[in-house]
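Take a look at this one; I'll ask things after.
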Amino acid sequence: MYNKPNAPVELSEVFGRINNSGTVDILFIDDGERVNQLNSDVYPVGECLNARNYHSRGVVLSLGDAQKLGIIIE
């Protein structure tokens, strides 16, 4: 599943997976694909625009931010 620009995804549609860097990749529950926009004002790691904006390489959050949002992490 691929979300188009200007279509933030709801938190209930995603889960997180800790990557090799120790940050959390945000993925669709349905198919495990990367989420490019998230309906949240949180800032992805290393980004100056919040998650409501389109991120071509996917939304990646700190572990703390993902936990604060209540994202299920595997």
Side-chain angles (χ1 to χ4, degrees):
M1 183 179 284
Y2 170 84
N3 62 307
K4 297 176 181 158
N6 301 319
V9 174
E10 297 300 324
L11 293 172
S12 61
E13 299 177 66
V14 304
F15 73 99
R17 182 175 293 145
I18 298 176
N19 60 35
N20 291 337
S21 300
T23 55
V24 181
D25 295 328
I26 305 303
L27 309 168
F28 283 100
I29 290 172
D30 290 345
D31 59 13
E33 292 292 318
R34 287 183 176 266
V35 170
N36 299 101
Q37 286 179 276
L38 190 60
N39 193 12
S40 173
D41 289 326
V42 68
Y43 284 79
V45 174
E47 299 288 345
C48 59
L49 297 174
N50 69 31
R52 291 184 196 275
N53 293 281
Y54 184 80
H55 297 274
S56 61
R57 290 181 279 174
V59 174
V60 178
L61 301 178
S62 69
L63 180 57
D65 283 342
Q67 290 172 329
K68 285 179 194 173
L69 291 173
I71 294 172
I72 296 169
I73 299 169
E74 64 172 38

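In what follows, residues are counted from 1 in the order of the sequence shown. Quick caveat, the model's predicted, so the values are computed rather than measured.
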Contact summary for I73 and Q67, nearest pair of heavy atoms: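 Residues I73 and Q67, closest heavy atoms: CD1-CG, 3.9 Å.
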
Closest approach of S56 to N36 (non-hydrogen atoms, all atoms of both residues):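 Smallest heavy-atom distance, with atoms named: O-ND2, 3.4 Å.
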
Within one Ile-Leu-Val-Met-Phe-Trp-Tyr cluster: V14 and I72, side-chain cutoff 4.5 Å: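 In one cluster with V14: I72, no.
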
Least distance between heavy atoms, L61 atom then P44 atom: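 Between these two residues, the closest heavy atoms are CD2-CA, 3.9 Å.
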
Straight-line distance of E74 CD to I18 CD1, nearest 0.5 Å: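 Reported to 0.5 Å precision, the distance equals 9.5 Å.
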
Over all atoms of both residues, closest heavy-atom pair of R52 and Q37: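 Answer, listing the atom of R52 first, then Q37: O-NE2, 2.7 Å.
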
Single-linkage hydrophobic cluster Y43~Y54, side-chain heavy atoms < 4.5 angstrom: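 No; tracing contacts between hydrophobic side chains, which count when under 4.5 Å, never links both residues.
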
Stepwise side chain to side chain contact (heavy atoms under 4.5 Å, CB included) test for N39 and L11: CA-CA 7 Å; N39 193 12; L11 293 172; 5.9 Å; no

Side chain H55, main chain N50, donor-acceptor under 3.5 Å: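 It does hold such a pair.
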
Heavy-atom closest contact (D65 atom, S62 atom, distance):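 Between these two residues, the closest heavy atoms are N-OG, 3.1 Å.
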
Derivation and outcome, side chain to side chain contact (heavy atoms under 4.5 Å, CB included), residues E33 and L27: CA-CA 5 Å; E33 292 292 318; L27 309 168; over 6 Å; no

Side chain to side chain donor-acceptor pair (under 3.5 Å) involving S40 - partner list, sequence neighbours excluded: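 S40 satisfies side chain to side chain donor-acceptor pair (under 3.5 Å) with no other residue.
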
Exercise: identify the closest heavy-atom pair between F28 and F15: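 Closest heavy-atom pair between F28 and F15: O-CE2, 3.3 Å.
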
Spacing of I26 atom CD1 and I71 atom CD1 [to the nearest 0.5 Å]: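 The CD1 atom of I71 is 4.0 Å from CD1 of I26, to the nearest 0.5 Å.
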
Verdict with supporting geometry, V60 and E47, side chain to side chain contact (heavy atoms under 4.5 Å, CB included): CA-CA 9 Å; V60 178; E47 299 288 345; over 6 Å; no

